[in-house]
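Shown next, in structure tokens, is the structure this report addresses.
Proteins get letters first, then strands, A, B, ... in listed order; numbering begins at 1 in each.
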Amino acid sequence: MIGRGQQSFDAPEYVRREILRYALCPGTDDEAMLSIMEKCIDECGKKASFSYRVSYCVLPVTGLDVSSGVIDLDDITLSSRDLAGNLKGCSEVVLFAATVGPGIDRLIKKYTKLDPVKALFMQAIGAERVESLCNMFCDTFPQKLRPRYSPGFGDLSLSVQPKILSLTNATKNLSITLDEGCLMSPSKSVTAFAGIDSI
Amino acid sequence: MKFKDFLRDNFVILDGGMGSLLQERGLQPGQKPETFNILHPEVVIDIQKAYYDAGSNVVNTNTFGANIFNFPDEEEQKSVIEAAVKNAREAARLSEEDSGCTQPKFVSLDIGPLGQLLAPYGQLALEDAVTAFSRIVQIGAGAGVDLVTIETMNDCLETKAALLAVKENCDLPVIVTNAYDAGGQLMTGADPAAMTSMLEGMGADAVGTNCSLGPHQLRGVMKEFLENASVPVVFKPNAGLPKVEDGKTVYDVTVDEFADEVIMQMKAGVRIVGGCCGTTPDHIRKVTGLVSSLGLTPLPITDKFLSVVSSYTHAVRFDRDPILIGERINPTGKKRFKQALIDHDMDYILNEGLRQADENVHILDVNVGIPDIDEPTLLTETVKELQAVTDLPLQLDTSDPVAMEQALRAYNGKAMINSVNGKSEVMSAIFPLVKKYGGLVVALTLDEGGIPETAQGRIVIAKHIIETAEEYGIAKKDLIFDPLCMTISADTKAAVTTLECVRVLHDELKVHTSLGISNVSFGLPKRNMVTAGMFAAALECGLSAAIMNPFAPEMMTTYHCYRALHDLDSNCSDLIEFAQSYDDKYTAPSVIAPSAEVSKSPETADMTELMTAIVKGLKEQSSKITAKLINEDGADPLTIVSDEVIPALNIVGEGFEAKRMYLPQLLMSAEAAKEAFVIIKERLESVKGSDPAGKDASCRIVIATVKGDIHDIGKNIVKLLLENYGFEVTDLGKDVAPEDILDAVTSLHADVCGLSALMTTTVPAMEETIKLIHEKAPWCKVMVGGAVLTQEYADRIGADAYSKDAMGSVRYVESLLSAGGKNQ
């Protein structure tokens with residue numbers, strides 16, 4: 001392992017276009033929709049207590065075989081042809097866990113019972129928040145990172161999640177935990193690999 | 001020397017980081033640090049001795065993660081913890097004997113988070129967490145530690161579980177520290193005032209913060225602790241945040257910066273200090289050096305005399321600013337509410353809570369007591385469900401001590417307890433619960449002799465309650481007196497007596513008061529007017545809180561005026577906001593102006609008002625127009641359903657299928673239709689016990705999210721839409737076992753069973769359920785849906801139908817009906 005780190009960020013601007021996309025109404029100009037979105041954003045501001053935190057480590061790529069999909073990253077060995085393709089030509093990889101905290105989960109739960117439209121928008125806002133956080137984090141590296149690759153994409157199984165949380169120290173630093181199906185709580189959390197090109 | 005005696009007059013110096021030092025000494029990433037207790041005791045002892053040598057009074061055992069989840073083998077867990085205690089003791093001995101360090105030394109059993117989130121965020125049940133922590137405490141206390149440290153907890157409820165475990169399994173002193181973020185909150189939202197109120201209530205010996213940030217970023221958090229805590233305050237920050245620099249992990253706060261900041265906090269009143277991640281014996285040595293070179297002496301610990309309750313996010317303090325306690329979660333005199341309790345209609349109860357929260361009450365009273373109901377179970381469930389959707393503190397309102405204990409235990413925070421009174425039997429049942437779980441108790445001034453007629457008689461009871469509480473170790477600040485508000489329609493002197501009582505309790509006994517204020521107007525016309533008058537009068541006598549109806553404009557007017565007149569509303573901003581929204585909120589529009597509110601667009605040009613409202617998803621309009629159609633125009637409710645509601649839903653459904661409308665719009669229309677149904681249902685029920693909302697009871701549907709899957713948004717949408725179309729839907733919830741689904745299908749003789757799964761991992765459970773239903777209930781058609789499913793996948797697991805979305809499920813059920821394929 002090359003090193004480990006932890007970072008907190010200030011709240012990024014809301015990207016409303018993305019929220020609408022996640023809420024399954026991309027590009028809508030329907031006033032009712034837009035007004036609900038604004039109400040939800042407003043409530044998130046008061047009640048979601050978002051925190052924008054990332055815990056990460058930088059690993060050397062010590063072995064990579066695209067045809068078999070075997071990837072050695074110093075401390076771990078993974079098997080995924082798709083990730084191997086994504087990391088081809090990289091000397092190092094940033095492995096990170098990011099979360100905006102569990103407050104939004106409570107709002108989603110609240111509206112799941114009471115107002116399905118708001119539940120949908122709360123989901124969408126949470127998704128937009130954590131993706132914006134990932135973008136901010138990846139932008140802090142001086143090198144340009146490869147597009148992030150997360151467990152669940154392609155043939156990269158969710159079963160690597162425990163390993164990722166352990167390597168990034170995410171359970172201690174960010175309180176991200178896994179359920180039996182390897183899904184994360186808080187639900188608006190992301191783990192991902194982002195390759196750094198060889199110089 | 002005992003730790004508590006030492007703490008009374010001294011600063012206590014804790015240790016610093018352990019994990020990063022173990023890594024330097026060979027701990028591999030992914031390896032459990034606690035295994036070093038047995039594999040390399042010399043390394044652990046060496047690090048701990050270095051802390052004692054640097055001046056630490058307390059060193060934590062290396063047991064941060066020594067819980068059952070990391071050590072499923074109970075024997076291994078036991079040996080790891082026992083070895084940890086032995087190592088720390090050995091480090092203390094070596095420091096004393098070899099290094100000649102003579103400061104008092106204590107060993108603390110370290111307890112970190114379980115690494116599992118508790119419900120409602122995660123899956124872990126409170127009692128399972130208590131059991132897990134209890135085991136650590138039993139082993140650690142048995143191995144002979146001097147105190148217990150609960151640390152780095154980032155969730156209020158998990159902290160409560162750990163503290164309960166300590167209190168139930170040993171008599172050792174306990175320090176509790178939580179991990180706060182830059183916004184001054186725990187991950188799950190609690191601020192220092194909330195944590196302090198809960199932890200002090202449960203008997204923590206010291207409270208504070210550790211980990212997460214560097215010392216500078218925690219200044220605000222420490223200020224809040226020092227303002228709120230009546231017990232010693234703990235400060236154990238990181239050496240800043242770690243980052244990767246030149247291929248190495250470094251922390252961004254230097255030893256000197258760290259020590260200066262810690263010393264500053266000690267000068268401000270912090271009594272117990274140490275370091276967390278990234279700190280080393282150097283940090284501790286620097287701090288102890290400065291303490292002695294500066295000749296620093298500790299400030300005394302003072303009681304802040306705060307009367308507070310809290311939720312899992314914030315504390316509510318009883319002071320000059322009046323506290324509103326919403327009274328609506330209570331079946332007394334409410335037929336609809338009683339029915340909801342009997343039907344176990346939790347959504348209705350939650351809605352009553354959320355509607356009051358929208359009116360800005362501070363606390364919600366929760367009373368679910370009706371005859372022949374399992375009150376302990378129901379109250380506890382209601383508390384949990386309410387706390388999943390609102391962050392307001394709750395007032396647990398029951399006369400059943402068993403219900404009170406179960407609900408208090410489950411409550412996340414420091415609850416308000418309603419109530420005790422001067423009866424010995426009641427006090428001896430309730431006060432031990434207050435002592436154990438913490439709480440602010442409402443004390444009614446009545447006793448075995450009933451309610452004294454005079455103020456003086458009630459004051460005598462109040463004094464007796466204060467004295468008895470003291471015997472249980474409950475301070476006056478945790479009592480709030482209700483001198484009982486009786487109706488003036490029965491006794492015109494009743495209010496005078498109550499007001500006099502409030503005045504004496506406030507001025508002379510210096511205690512806080514609360515009144516169930518609505519009683520005053522019972523039996524009178526324009527009750528809210530009278531109640532609000534009483535409210536104003538009582539506030540002038542010093543009333544601290546009222547259990548009241550927040551939907552009454554008169555009450556809210558009194559509240560806002562009182563605050564503005566008494567300089568409690570800066571710039572009168574709350575009053576102005578209230579006044580500005582007053583007309584909209586409380587003055588009902590005399591006529592519905594469809595052209596203004598339900599604006600017509602080309603696609604809605606030929607529709608009726610109600611259809612337009614539904615298509616546009618306007619809930620309030622839909623409800624108002626339906627009411628007008630029925631009450632003023634005399635329209636037949638069932639004709640409204642067939643001629644307006646269903647056609648409107650069809651327009652939206654078709655728009656959605658043709659991708660002209662989006663899912664949220666479909667949902668909004670469904671919600672608007674639901675509002676119309678509420679009115680229609682009321683009308684039908686008032687006429688006869690007729691089939692509500694035109695439900696097609698001849699087609700029964702059971703739906704569930706399959707076992708192992710906790711995602712229910714999609715399933716809920718399907719349910720909503722099916723109900724909209726008049727089908728009778730029984731929703732079994734999420735994570736439902738195949739046998740339970742079969743049971744429901746069989747007992748209801750359901751025609752259709754809808755199953756949802758979001759994850760590939762739970763599709764096998766879906767397949768199993770389908771097989772079971774086909775085998776044991778062959779008449780029932782199974783339709784499936786969910787993110788991972790496709791038509792092909794659905795065919796493979798033997799489903800009768802696949803719906804790609806909620807409309808699809810409606811269409812499928814309709815097709816069954818029209819094909820006559822439905823079982824009769």
- A:S8 side, atom OG; B:Q217 side, atom CD - distance, nearest 0.5 Å: 7.5 Å
- Using a strict 4.0 Å threshold on nitrogen-to-oxygen distance, state whether B:D391 and A:K46 make a salt bridge. no
- Minimum-distance pair of heavy atoms, taken over all atoms of B:C211 and A:K172: SG-NZ, 4.0 Å
- In short, B:L720 meets A:P116 closest at the heavy-atom pair CD2-CG, 3.6 Å
- Message: Has B:Y662 got a side-chain atom pairing as donor or acceptor with A:T28's backbone, closer than 3.5 angstrom?
- Response: no
- Task: Below 4.5 Å from any heavy atom of chain A, which atoms of B:P120 appear? Answer side chain, backbone, both or neither.
- Result: both
- Item | Residue part contacting chain B, namely of A:I108, when any heavy atom lies under 4.5 Å | side chain
- chain B shares the most heavy-atom pairs under 4.5 Å, among A:P102, A:S49, A:G3, with A:P102
- Item | B:A182, part contacting chain A, at a heavy-atom distance under 4.5 Å | neither
- Message: What's the separation between atom CD in A:E31 and atom NZ in B:K616, rounded to the nearest 0.5 Å?
- Response: 8.5 Å
- Mind checking what makes ring pair (Phe, Tyr, Trp, His ring centres under 6.0 Å) contact with B:F69, not counting sequence neighbours? none
- Message: Just so I know, are the side chains of B:Y251 and A:Q6 near enough to count as touching, which here means a heavy-atom distance under 4.5 Å?
- Response: no
- Message: I'd like to check the ring pair (Phe, Tyr, Trp, His ring centres under 6.0 Å) partners of A:F121; sequence neighbours left out, ordered by chain and number.
- Response: none
- Note on the structure: Output for pair (B:M187 CE, A:T99 OG1), nearest 0.5 Å, gives 7.5 Å
- Message: I'd like to know which of B:Q28, B:Q387, B:M346 tops the heavy-atom pair count under 4.5 Å against chain A.
- Response: B:Q387
- Item | A:S166 side, atom OG; B:K32 side, atom NZ - distance, nearest 0.5 Å | 10.5 Å
- Indicate yes or no: at least one non-hydrogen side-chain atom of B:E671 is less than 4.5 angstrom from one of A:K118. no
- Message: If you compare all heavy atoms of B:V389 against all heavy atoms of A:K110, which two are closest, and at what distance to 0.1 Å?
- Response: O-CD, 3.2 Å
- Do other residues, nucleotides or ligands put more than 12 heavy atoms under 6.0 Å from A:D10 CG? no
- Which atoms of A:L158 approach chain B - backbone, side chain, both or neither, heavy atom under 4.5 Å: neither
- Item | Contacting region of B:L666 [heavy-atom separation from chain A under 4.5 Å] | neither
- Indicate yes or no for a side-chain donor-acceptor contact from A:R53 to the backbone of B:D181 under 3.5 Å, with no hydrogens or angles considered. no
- Message: Can you tell me how far apart CG (B:L354) and CG (A:D115) are? Round to the nearest 0.5 Å.
- Response: 11.0 Å
- Item | Heavy-atom contact with chain A under 4.5 Å, split by part of B:F64 | side chain
- If every non-hydrogen atom of A:C25 is compared with every non-hydrogen atom of B:P664, which pair is closest and at what distance? SG-CG, 3.7 Å
- Name the member of A:A23, A:A32, A:S187, A:P26 that forms the most heavy-atom pairs with chain B at distances under 4.5 Å. A:P26
- Query: Who are the salt bridge (charged side-chain N to carboxylate O under 4.0 Å, His left out) partners of B:E381, not counting sequence neighbours?
  - Reply: none
- Query: Does NZ or CZ of B:K243 come closer than 6.0 Å to the centre of the six-membered ring of A:Y56, within 45° of the ring's axis?
  - Reply: no
- Message: Report which part of B:Y348 has an atom under 4.5 Å of a heavy atom belonging to chain A: side chain, backbone, both, or neither.
- Response: neither
- Message: Just so I know, are the side chains of A:D30 and B:Q665 near enough to count as touching, which here means a heavy-atom distance under 4.5 Å?
- Response: yes
- Using the side chain to side chain contact (heavy atoms under 4.5 Å, CB included) rule, pick out the option among B:L117, B:L118, B:L124 that qualifies with A:S185. B:L117
- Message: Non-hydrogen contacts under 4.5 angstrom with chain B: give the residues of residues 59-68 of chain A involved, or none if there are none.
- Response: none
- Query: Can you tell me if NZ on A:K163 sees more than 12 non-hydrogen neighbours from other groups inside 6.0 Å?
  - Reply: yes
- Show your working on side chain to side chain contact (heavy atoms under 4.5 Å, CB included) between A:L178 and B:Q116 and close with a plain yes or no. CA-CA 7 Å; A:L178 296 175; B:Q116 307 265 319; over 6 Å; no
- Is it the side chain or the backbone of B:K674 that comes within 4.5 Å of chain A heavy atoms, both, or neither? neither
- Message: So for A:I36, is it side chain, backbone, both, or neither that comes closer than 4.5 Å to the heavy atoms of chain B?
- Response: side chain
- Top of A:T171, A:N173, A:L120, A:L167 for chain B proximity - count of heavy-atom pairs under 4.5 angstrom: A:L120
- Query: Would the number of heavy atoms belonging to other residues, nucleotides or ligands and lying under 6.0 Å from CD of B:Q31 be above 12?
  - Reply: yes
- Task: Dump the intermediate steps for side chain to side chain contact (heavy atoms under 4.5 Å, CB included) on A:K47 and B:T313, then the final yes or no.
- Result: CA-CA 10 Å; A:K47 297 283 183 191; B:T313 57; over 6 Å; no
- Task: Look up atom CG in A:N169 and atom SG in B:C277, then write down how far apart they are to the nearest 0.5 Å.
- Result: 8.0 Å
- Item | Structural part of A:E92 lying under 4.5 Å from a heavy atom of chain B | neither
